[in-house]
Chemist: 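Sending over a structure as structure tokens; questions will come in a sec.
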Amino acid sequence: MTSSKDEIVLPGAPKEDCSIVQADKTMLRDLTEGEISFIRSVANRLNPAVRDMLLADLSLARAEEKLDDASLIRFNLTGYERGKFRVQHTYPIEGELNDADGTAVHVLLFADPSDRLYELEFLSWGDGPLQAPDWTTLQLIERPRFEGTKRLVYDLFSDVRAPHPYILVGLIGENEERGGFDPFMEFAVDNDNSLALTIYHEATMTLDQWEEIAAKAREHHAEVLASGEEW
Amino acid sequence: VKKLGHWILRTLCRNDRAKGHGSSKSNDSTPGNRKRDISKNRIVFDTFLDATSSRSFILFGIRGDSEPYLPGCFDPFLEVAVARDNRLVFSLYKKSWPVSLTVEQWDAIARHAKTYHEKILTVDVGR
């Protein structure tokens, strides 16, 4: 059994290789129906090459529970020796389901660097250990992928209830039309002339884009102050 | 990684509470509330290193003026990580409370992220 302290390394602690200790065969079990059906559903949403590889791995997989509450399951693929590696990655589809008490739990599926099935992890949003995830409540979520090719777009917005016009910020793909974009944040000048950047929802951006937003916000602030207009 | 971040935070908070270091309930307060003077809020951060990946990431949160800061015990609104191509990636989270920052706080986050980026790239040389 591994304890959870093996899974978390705090800053300052030495980096460890994520090398695979030979699984204790006695700890291996067959996958449950819920696990199999989740992995199949993920596979069916992937591109054909990745899907076939995942389905093939599924047929070779036996499970090893790595944490006391079985919230981390590592797969042992018959006939496949995993080399030493440090980077695992998630499949682009994840699941969300309810724990026995209704707490939301996310289910992530990981592959090793050779894209072979590696781990399944339950991330509970509640306190306390994982209880009994209810697979019948499973919903699949496609994670937005960071491509880094999106660009920032801005819209000046006037609202009679706002002290000054404010700017909505969105991210759109290279070839996307900017019309009616979904803003993820705004920057606005308040009654006291202070500038606030307010985040509405998820967005992923580069450092340059982060700095571009600051520059635009300052520009807008200066313009509003210079206009001297009360709205 | 995004959710992994939450998970590690939660684990740390639980540990803190177990040791009697107070509550970590993120709904004790609604940081970043627009009605308040947001310039008085403090940006807090923690750097996490996940043993199962070679990369670490920073999570940023907001504490009100007088709220105590416990390491790992805040509800993050932003994650900064180094992507596989070594670029910095800023990922904003959706929160149930409004997250409002001053532009100075926005800049401070960028500065901190750059320092972290340089450090990570140095450490990773020869990997």
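Chain letters run A, B, ... following the sequence lines, proteins first, then strands; residues in each count from 1. Note that these values count all heavy atoms, side chains included, but never hydrogens, waters or copies made by symmetry.
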Chemist: Show which side-chain atoms of residues 106-113 of chain B pair as donor or acceptor with protein atoms under 3.5 Å away, not counting sequence neighbours.
Modeler:
{"residue": "Trp106(B)", "atom": "NE1", "partner": "Trp210(A)", "partner atom": "O", "Å": "2.8"}
{"residue": "Asp107(B)", "atom": "OD2", "partner": "Arg218(A)", "partner atom": "NH1", "Å": "2.8"}
{"residue": "Asp107(B)", "atom": "OD2", "partner": "Arg218(A)", "partner atom": "NH2", "Å": "2.6"}

Chemist: Who are the side-chain hydrogen bond (donor to acceptor under 3.5 Å, both in side chains) partners of Glu219(A), not counting sequence neighbours?
Modeler: none

Chemist: Sort Phe187(A) into side chain, backbone, both or neither according to what part of it lies under 4.5 angstrom from a heavy atom of chain B.
Modeler: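 No part of Phe187(A) comes within 4.5 Å of chain B.
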
Chemist: Quick one: closest heavy-atom pair of Thr198(A) and Ser100(B), and the distance?
Modeler: OG1-OG, 2.6 Å

Chemist: Give me the one residue out of Leu207(A), Thr206(A), Thr204(A) that meets side chain to side chain contact (heavy atoms under 4.5 Å, CB included) with Phe90(B).
Modeler: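 Looking at Leu207(A), Thr206(A), Thr204(A), the match for Phe90(B) under the side chain to side chain contact (heavy atoms under 4.5 Å, CB included) is Leu207(A).
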
Chemist: Considering residues, nucleotides and ligands other than Phe157(A), do more than 12 of their heavy atoms fall under 6.0 Å from its CZ?
Modeler: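 It does not: Phe157(A) CZ has 12 such atoms or fewer within range.
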
Chemist: Which atom pair, heavy atoms only, marks the closest approach of Leu197(A) to Thr102(B)?
Modeler: CD1-C, 3.7 Å

